[in-house]
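Basis for what follows: all heavy atoms, side chains included, without hydrogens, waters or symmetry-related copies. Predicted, not measured: the structure shown is a model, and the values here were computed from it. Chain letters run A, B, ... following the sequence lines, proteins first, then strands; residues in each count from 1.
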Number of protein chains: 2
Amino acid sequence: MVQLVGGDESHPAPRSADVARVAGVSRKTVSRVFNGEPYVSAEVRRRVLDAAEQLGYRLNNAARALASGRTRSIGVVTLGTAGYGPASLLVGVERAVRDTGYALRVVSTVEGDPAGVAGAVESLLGQGVDGIVISEPVDDGEVSVRVDVPVLFLGAPPAFAGRRTLTAGVGSDLLARAATEHLLDLGHATVHHLAGPRRWYAARDRLQGWRAVLAARGRSAPAAIEGDWSAASGYAAGRGLAYDSDVTAVFAAGDDMAIGLIRALTEAGRHVPDDVSVVGFDDMPVAAYVTPPLTTVRQPFDAAAKEGLKLLVHAIEKPEVDLPPAPDPPVELVVRASTAPPPSRTTPGTWASCDPSPRGGLHGPSISDGGLPAQR
Amino acid sequence: MVQLVGGDESHPAPRSADVARVAGVSRKTVSRVFNGEPYVSAEVRRRVLDAAEQLGYRLNNAARALASGRTRSIGVVTLGTAGYGPASLLVGVERAVRDTGYALRVVSTVEGDPAGVAGAVESLLGQGVDGIVISEPVDDGEVSVRVDVPVLFLGAPPAFAGRRTLTAGVGSDLLARAATEHLLDLGHATVHHLAGPRRWYAARDRLQGWRAVLAARGRSAPAAIEGDWSAASGYAAGRGLAYDSDVTAVFAAGDDMAIGLIRALTEAGRHVPDDVSVVGFDDMPVAAYVTPPLTTVRQPFDAAAKEGLKLLVHAIEKPEVDLPPAPDPPVELVVRASTAPPPSRTTPGTWASCDPSPRGGLHGPSISDGGLPAQR
DNA sequence: GTGAAAGCGCTAACAA
DNA sequence: TTGTTAGCGCTTTCAC
């Protein structure tokens with residue numbers, strides 16, 4: 001295991017002056033070495049590095065920030081929930097930030113937090129950051145914050161982009177279109193939508209993508225149902241949907257909701273996918289292993305975080321040069337076994353019967369559902 | 001939405017001297033007000049606050065840290081995966097840290113990272129933190145880091161506790177015992193274990209708890225199978241276990257693995273829970289909605305984070321006074337529908353047959369699995 | 001290539 | 001209850 005050796009209480013931590021003395025150079029030269037500045041001879045550089053190593057020297061970040069005016073850290077405002085989406089984005093951001101050489105400060109907001117995003121941003125500003133990432137922004141109503149660093153909205157429509165305001169999306173709109181089109185292509189007359197909370201821009205985006213496809217194909221758009229991303233809310237929605245035999249296809253804005261939805265449908269005797277097809281959103285790791293394996297669109301969290309951070313760091317370091325917005329990452333629809341063509345009109349399957357014949361393999365599941373006796 | 005008003009580029013950010021001038025007091029008094037120190041008259045305090053408000057003053061954290069030697073931030077080393085466990089712990093830590101008034105710095109390690117935990121700790125130390133939280137520590141082999149701040153291990157055995165090293169667990173050992181006992185109480189002859197990677201202390205803890213119960217009851221302990229927390233690894237393990245008809249009960253060290261395991265068993269025609277009972281670990285949100293709803297032990301992430309942070313902050317602020325270790329949080333076993341008594345010896349159910357009779361309701365599921373035609 | 005001097009904005013210790 | 005004086009450890013600017 002990692003041994004944590006307590007620092008020698010006796011001696012204070014070495015400073016750059018100590019290193020300079022040992023190496024026989026000036027403090028400025030030590031500074032040059034540690035900042036990778038040019039104009040230091042290889043010989044001197046080595047001496048400095050050796051001295052630092054020997055002394056166990058570590059640059060004092062506070063002093064550096066104070067003197068240079070740059071904190072070399074980026075702050076992220078995230079949702080204080082362990083939901084798969086926000087958590088994955090946070091992980092992506094962490095990795096991306098680390099690659100840029102910046103440190104990461106995190107503040108989370110809880111749903112219904114009075115201070116909200118504005119409070120979180122203030123807090124970050126107080127801590128000292130060179131840039132801010134707002135992950136999965138939520139509409140908090142009108143609040144205004146004075147900010148003097150660039151801000152990246154991750155998972156918000158590009159409409160947010162402004163002077164020092166950047167966006168990088170996961171392309172929710174496009175992904176939602178792909179999901180809806182998949183269902184329509186399978187032959188469903190229309191697609192119902194189980195949306196996320198309307199306060200979330202991500203939820204609005206998906207809703208809009210779904211609606212756009214329906215409109216483009218001249219299909220009627222049923223009223224969307226609003227969930228809260230949780231499996232429980234999907235379950236609740238499913239109980240309502242199950243008794244409407246017009247419902248043959250549902251696009252859920254999140255995998256958790258999709259799983260809850262499927263459970264409710266199944267309990268009500270509506271078989272997925274034979275009676276109702278369900279598409280999820282996220283492609284969380286369990287999606288391939290639930291019953292039936294879930295057809296879903298994968299969210300490119302890492303790509304979005306990486307692209308977004310590239311933009312942000314650029315805005316921090318070269319504010320004068322504008323960079324084009326990040327390109328939308330490729331759409332990945334993962335077709336598994338929760339979607340199928342609609343039941344034929346002539347045999348409206350309402351209640352389950354026991355029929356061990358395997359079901360038709362029109363769809364191409366990534367994971368076969370093996371020797372399971374099928375129900376219809 | 002949150003309006004981000006750009007700072008007036010013209011004027012530099014106000015400093016405490018500006019506030020002091022406007023309020024007609026000294027800089028030290030401003031400092032006093034912002035640090036909540038006593039000995040400031042209400043009248044003066046108000047003047048200072050007003051002046052600060054008017055000027056849009058914000059304390060400069062770097063200067064403060066430099067002058068005081070305290071950064072007022074805590075660093076956390078977390079796993080760079082969006083797994084439900086680590087993510088939940090991180091969220092818990094964030095909340096707990098925020099409640100203490102400290103800021104949070106985050107560094108993640110990826111499995112197989114050469115620098116590993118030691119590198120992450122170094123990085124945090126370089127950034128400047130008053131304390132460190134190591135979430136879900138993994139055995140990295142022998143590495144040693146010089147640390148001069150207290151360190152909290154979250155999710156590690158108390159054996160780690162040392163001079164300035166604290167631990168707060170989620171009581172994995174106890175939880176694992178509860179899971180195993182539940183299965184034994186149901187009448188199973190023994191319980192198989194699908195463990196997490198042996199490098200994880202959390203995995204070892206659970207393994208040990210499982211083994212201890214088996215030993216205490218004089219049952220034979222089958223060899224544990226090692227997974228990697230993923231549903232995929234659970235699935236792989238399940239394919240192996242499915243054809244061993246002695247296996248009637250499995251305790252999986254994580255819900256994801258349990259779900260993968262159940263899928264493999266089901267595909268192989270082994271019904272859960274009639275043929276095989278499965279207990280998971282974590283109680284992730286979807287656990288109640290998969291098929292069958294998963295019996296699992298809930299991990300008290302938030303409680304552990306909160307307790308742990310209390311300890312850590314205490315160690316930072318009052319290093320001289322020792323605090324007793326955090327009490328183990330209560331064990332919560334959530335019994336749903338994935339566990340049942342073992343199949344009776346006389347009718348060894350090996351292959352699925354179609355039998356729509358409902359299965360016995362011995363167990364008390366939180367969520368009934370409704371009108372589903374049962375398979376055995 | 002290298003070094004000297006002058007702060008960065010705040011708090012600590014002491015004085016008043 | 002309030003103010004004064006020194007730094008905290010680094011980077012900057014400019015000189016050599």
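By the side-chain hydrogen bond (donor to acceptor under 3.5 Å, both in side chains) test, Asn60(B) is found to be paired with no residue, residues two or more places apart in sequence or in another chain being considered. Applying the side-chain hydrogen bond (donor to acceptor under 3.5 Å, both in side chains) rule to Asn61(B) yields no partners; only residues at least two apart in sequence or on another chain are considered. Taking the side-chain hydrogen bond (donor to acceptor under 3.5 Å, both in side chains) definition, one finds that Ser123(B) meets it with Gln127(B), sequence neighbours left out. Listed by chain and number, the residues in a side-chain hydrogen bond (donor to acceptor under 3.5 Å, both in side chains) with Ser26(B) are Thr29(B) (sequence neighbours excluded). Evaluation of the side-chain contact (heavy atoms from CB on, under 4.5 Å) rule for Glu37(B) yields Lys28(B), Arg32(B), Asn35(B) as partners, not counting sequence neighbours.
Evaluation of the side chain to side chain donor-acceptor pair (under 3.5 Å) test over residues 305-321 of chain B, restricted to residues two or more places apart or in two chains, returns Tyr102(B)-Glu317(B).
The footprint of chain B on DNA chain C, defined by a heavy-atom cutoff below 4.0 Å, extends from dG9(C) to dA13(C). Contact footprint of chain B on DNA chain D: nucleotides with an atom under 4.0 Å from a non-hydrogen protein atom, first to last in 5' to 3' order, dT1(D) to dG9(D).
A salt bridge links Glu122(A) and Arg58(B); the closest N-O separation between the charged side-chain nitrogens and carboxylate oxygens is under 4.0 Å. Between Asp130(B) and Arg72(B) there is no salt bridge, since none of the side-chain N atoms of the basic residue sits less than 4.0 Å from a carboxylate O of the acidic one.
Rounding to the nearest 0.5 Å gives a distance of 3.5 Å between OH of Tyr201(A) and CG of Asp139(A). To the nearest 0.5 Å, atoms CD1 (Ile134(A)) and OG1 (Thr167(A)) are separated by 12.0 Å. Within the model, atoms CZ of Arg27(B) and OG of Ser16(B) stand 5.0 Å from one another, a figure rounded to the nearest 0.5 Å. If you take CD1 on Ile132(A) and CZ on Phe153(A), they are separated by 9.5 Å, rounding to the nearest 0.5 Å.
Note on Asn61(A): nothing from the nucleic acid sits closer than 4.0 angstrom, heavy atoms only.
Only Tyr57(B), Leu59(B), listed by number, bring a heavy atom of residues 37-59 of chain B to less than 4.0 angstrom from any atom of DNA chain C. Remark: Arg27(B), Lys28(B), Ser31(B) in residues 24-33 of chain B come within less than 4.0 Å of DNA chain C through at least one heavy atom.
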Show me the donor-acceptor pairs, under 3.5 Å and distance only, between side chains in residues 49-56 of chain A and residues at least two apart or in other chains.
residue  : atom : partner  : partner atom : Å
Asp50(A) : OD1  : Arg46(A) : NH1          : 3.4
Asp50(A) : OD2  : Arg46(A) : NH1          : 3.3
Asp50(A) : OD2  : Arg46(A) : NH2          : 3.1

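Counting heavy atoms from C-beta outward, Arg98(A) and Leu104(A) have side chains that stay 4.5 Å or more apart.
One end of the helix from dG1(C)-dC16(D) to dA16(C)-dT1(D) points its axis 20° away from the other end's axis, with each axis taken from 5 pairs and the angle rounded to 10°.
Nearest heavy-atom pair, Val93(A) versus Ala305(A), reported as atom, atom and distance to 0.1 Å: N-CB, 3.7 Å.
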